[in-house]
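Numbered from 1 within each chain, the chains take letters A, B, ... in sequence-line order.
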Amino acid sequence: MSQQNYPESQLYRIRHSAAHIMAQAVLEFYPKAKYTIGPPVENGFYYDFELPEALKEEDLAKIEKRMRQIIAGQHAFQKRVLSAEQARQIFKDQPYKLELIEGLEKGGFDEYGNPLDVKPEISIYQHDTFTDLCRGPHVENSKQINPSAIKLMSIAGAYWRGDENNKMLTRIYGTAWEKPDDLKHYLQMLEEAKKRDHRKLGKELDIFVFDDEVGPGLPLWLPNGGIMIEALEDLAKEMEEDAGYSRVRTPHLTKEDLFLRSGHLPYYAESMYPPMELEGVKYYVKPMNCPMHHKIFGARPRSYRDLPIRLAEYGTCYRYEKSGELFGLMRVRSMQMNDAHIYCSEEQFEQEFMGVIDLYKKYFDLFGIEKFVMRLSLHSKAGLGKKYVDNERLWLKTEDMVRRAMQNGNVPFVEVADEAAFYGPKIDVQIWSAIGREFTLATNQVDFAVPERFDLKFVNSKGEDEIPLCIHRAPLSTHERMIGFLIEHYAGAFPAWLCPEQVRVIPITDGQNEYALQVAAQLKAQGVRVRADLGSERMNAKIRAAQLMKVPYMLVLGANEQEAGQVSLRVRDGSQQNNIPLDEFIARIKDRIARRASEL
RNA sequence: GCCCUCAUAGCUCAGUAGGUAGAGCACACCCUUGGUAAGGGUGAGGUCAUGGGUUCAAAUCCCAUUGAGGGCUCCA
């Protein structure tokens, strides 16, 4: 992200000032509105209001129109520094502003709640009839905003100070650019992004569906999705076998006792489906596989000679995500996780942890994933005991172990507080969906707490019992999120090894139907996923159909090919190679698939 | 869960002064036998998400429920 200088840029000023102008317009329409904060954001700005009545989408047009009038007034933006007392006078009818002033007076945080080293001065910005508590910066004059380069985008709800216990405010999102062309490009880009949205492509490519009677967040994988899942599992199986993992299998249900012991119930109960009770025993559907793997580790006495023990499973889990949190395949309620738990000694930790990072890299190279950020997710003192295991010393120790391992391995990462698992710090791989929403794709976590609760131990070289560390990892995420991501990453044009249908055979006339079936049968015998299109459409229409389904290889067969035992190849990119001997094509496609090649 | 928006045929969508539904694609059948992104014809398909209400009359207006979308909160 080259946004380092964003807060100093003219664009930032334009957006910040546009936010003020929008607030002025809103206050003119709703004089009783209370206004809160309105910062620039990545592609625009927003402002949060408490309004006396619900704002409708159609109201945006009139607000936008009024904004253009205000801009045309060529108003200067003037800053004034003042005392807290003076500020309180000015905003005496604005409770949110008074709360902000109080915070500024106390120091330590700016008006958005970000920590500050020095106590901030209190300043206001004024233009036309509107005055806001604000540290700036702004444009000098509203004429520096191009009225044809702004647009109000949407209305949303947002909790005051981002806390769901607070009142929900009305947020208006807008976008603003230096030139009208920039706005146009931005809007076009949004349209393009929608085309690769996995929810749209997933439907078009017959990969998955949701059904009202099955339930929200519970995807049904269609045959094409099933093939992709198996391709990913084959990949994971190979890679994990090479990396010394053992595969295990565990049930979807367990008694309550297991989650009481693991500590998940108090921390995690909200995200779990409620228990079912039979013969006086409560059972839960599992939201994660860890406790079962711990039980497998603990099922036998372990020696330091056995370590590290790496237990892998594509485990199916169920999490009760709140209804508004569901998002296509990216956030679901049933998921199959590329899970594994590595039990190791402290001395083995760095090598094992970085072994997982290496696995990430291999996968990301294979998929050509370049836009991601590795995030060291740390605990927060404020959440100790509530969200996190209450042991500051072990938090600091394990966080430092991860930090040093990453540094020694020269792997770039960022650190973010208050994002850890309840049992330890982790490296999360952050990616962005087509429409720009951020997700954790893969994760690599340290657990310094739960092994002890499960009484897990191994006998060390001195003959003493020692508690192992546990690494939780999911490089291929869940099938749901991974496939959701891959659909968008490839815009549906998957490499051949992942494609549900790898070859479409297209006879030119029905005189070649027989030959087409023969060719398809030969490919199928070699393990290639192939379909012969014997419909009564013209060849052109069949090619179009195959292109729309993003089939990588089309074999066009006419009388010439049939006579010579050849095929004419049309590749998904539109290129053609005529008169290839069938054997040669089979050898070539088998090679591409076996190598999981990205080229076609 | 909360705020806003939305819900018409398998898909994409028309249907605003309330008068019991329409197109294209896909599908089926017939004709067409064609060289690299749509050949032609015919036909089948919807109790307009569900449940209430207003009205002589509701896809259309009102309420509730369910589901979806944009955000917030929360997370693989």
For this session: Using whole Å, report how far CD1 of A:I543 lies from P of B:A38.
Result: 9 Å
Exercise. Just the dot-bracket of RNA chain B, please: which string comes out with Watson-Crick or G-U pairs under 3.5 Å, [ ] for crossing, | for another strand?
Worked result: (((((((..((((.....[..)))).(((((.......))))).....(((((..]....))))))))))))....
Problem set entry | C1' gap between B:C25 and B:G43, integer Å | 16 Å
Exercise. Between B:A14 and B:G67, how far is it from one C1' atom to the other, in whole Å?
Worked result: 23 Å
For this session: Send over the distance from A:R538 CZ to B:C31 P, rounded to a whole Å.
Result: 17 Å
Seminar exercise, completed: Here the distance between atom P of B:G35 and atom CD of A:Q576, to the nearest Å, is 13 Å
For this session: Decide whether a cation-pi geometry holds between A:R572 and A:Y553; the criteria are a distance under 6.0 Å from NZ or CZ to the six-membered ring centre and an angle within 45° of the ring axis.
Result: no
Exercise. Under the 3.5 angstrom rule, does the side chain of A:E480 hit a backbone N or O of A:M330 as a donor-acceptor pair?
Worked result: no
For this session: Rounded off to whole Å, could you give me the OH-to-P distance for the A:Y46 and B:C4 pair?
Result: 19 Å
Problem set entry | Neighbour count >12 (heavy atoms, 6.0 Å) for atom NZ, A:K237 | no
For this session: Let me have a per-nucleotide readout for nucleotides 67-76 of chain B, 5' to 3', with B, S or -, counting only protein heavy atoms under 4.0 Å.
Result: SSSBBBBBBB
Problem set entry | Cationic tip of A:K62 above A:F29 ring, under 6.0 Å, 45° of axis | yes
For this session: Could you tell me whether A:A54 contacts a base, only the sugar-phosphate backbone, or nothing, with contacts defined as non-hydrogen atoms closer than 4.0 Å?
Result: sugar-phosphate
Exercise. So, do A:Y268 and A:F422 have ring centers that fall under 6.0 Å from each other?
Worked result: no
Exercise. Can you check the A:Q562 CD to B:U33 C1' distance for me, whole Å?
Worked result: 14 Å
For this session: Could you tell me whether A:F448 and A:W395 have their ring centroids closer than 6.0 angstrom?
Result: yes
Exercise. Once you round it to whole Å, what is the distance between C1' of B:G39 and CZ of A:R544?
Worked result: 14 Å
For this session: Just call it for A:D339: base, sugar-phosphate, or nothing, with non-hydrogen atoms closer than 4.0 Å on any strand.
Result: nothing
Exercise. To the nearest angstrom, how far is A:D533 atom CG from B:U36 atom C1'?
Worked result: 14 Å
Problem set entry | Same-atom distance (P) from B:C56 to B:A49, integer angstrom | 24 Å
Exercise. How close or far is atom P of B:A37 from atom CE of A:M554, stated in whole angstroms?
Worked result: 9 Å
For this session: Taking A:D211 for its side chain and A:L220 for its backbone only, find out whether a donor-acceptor pair lies under 3.5 Å.
Result: no
For this session: Would you kindly check whether a donor in the side chain of A:N540 faces an acceptor in the base of B:G34, or vice versa, at under 3.5 angstrom?
Result: no
Seminar exercise, completed: Ranking A:T509 and A:G574 by the position along RNA chain B of their nearest nucleotide, the one closer to 5' is A:T509
Seminar exercise, completed: Sequence neighbours excluded, the answer for ring pair (Phe, Tyr, Trp, His ring centres under 6.0 Å) partners of A:Y173 is A:Y46
Problem set entry | B:C13 and B:G70, which share atom name P, separated by this distance in whole Å | 14 Å
For this session: Assign a letter to each nucleotide of nucleotides 7-15 of chain B from its 5' end: B, base within under 4.0 Å of a protein heavy atom; S, sugar-phosphate only; -, no contact.
Result: ----SS---
Problem set entry | Parallel, tilted or perpendicular: rings of A:Y360 and A:F364 (30°, 60°) | parallel
For this session: Between A:L169 and A:N560, just flag the one whose closest nucleotide in RNA chain B comes earlier from the 5' side.
Result: A:L169
For this session: Select base, sugar-phosphate, or nothing to describe what A:N338 touches, counting heavy atoms under 4.0 Å on all strands.
Result: nothing
Exercise. If every non-hydrogen atom of A:C499 is compared with every non-hydrogen atom of A:F494, which pair is closest and at what distance?
Worked result: SG-O, 3.2 Å
Exercise. Ignoring hydrogens and geometry, is there a side-chain-to-backbone donor-acceptor pair from A:E563 to A:N560 under 3.5 Å?
Worked result: no
For this session: Would you please indicate yes or no on a ring centroid separation below 6.0 angstrom for A:F485 and A:H198?
Result: no
Exercise. Can you check whether A:V446's main-chain N or O pairs, donor with acceptor, with A:H472's side chain at less than 3.5 Å?
Worked result: no
Short heteroatom pairs, N/O only, protein and nucleotides 45-49 of chain B, under 3.5 Å:
none

For this session: Taking atom types as modelled, find out whether A:Y96 and A:D48 have a side-chain donor-acceptor pair closer than 3.5 angstrom.
Result: no
For this session: Determine the interatomic distance between C1' on B:A9 and the same-named atom on B:G45; round to the nearest Å.
Result: 6 Å
Problem set entry | Gap in Å between the two P atoms, one belonging to B:U16 and one to B:A7, rounded | 12 Å
Exercise. Which value, in whole Å, describes the distance between the C1' atoms of nucleotides B:G15 and B:U73?
Worked result: 39 Å
For this session: Just jot down the side chain to side chain contact (heavy atoms under 4.5 Å, CB included) partners of A:E233, sequence neighbours excluded, or say none.
Result: A:I229, A:Y314, A:Q336, A:H479
Exercise. Is the distance between the ring centroids of A:Y318 and A:Y320 less than 6.0 Å?
Worked result: no
For this session: Would you mind calling B:G45 syn or anti? Take O4'-C1'-N9-C4 for purines or O4'-C1'-N1-C2 for pyrimidines, and syn is within 90° of 0.
Result: syn
Problem set entry | hbond_proxy A:R570 side chain to B:A37 base (donor-acceptor, 3.5 Å cutoff) | yes
For this session: Taking atom P in both B:G35 and B:A23, compute the distance separating them and give it to the nearest angstrom.
Result: 32 Å
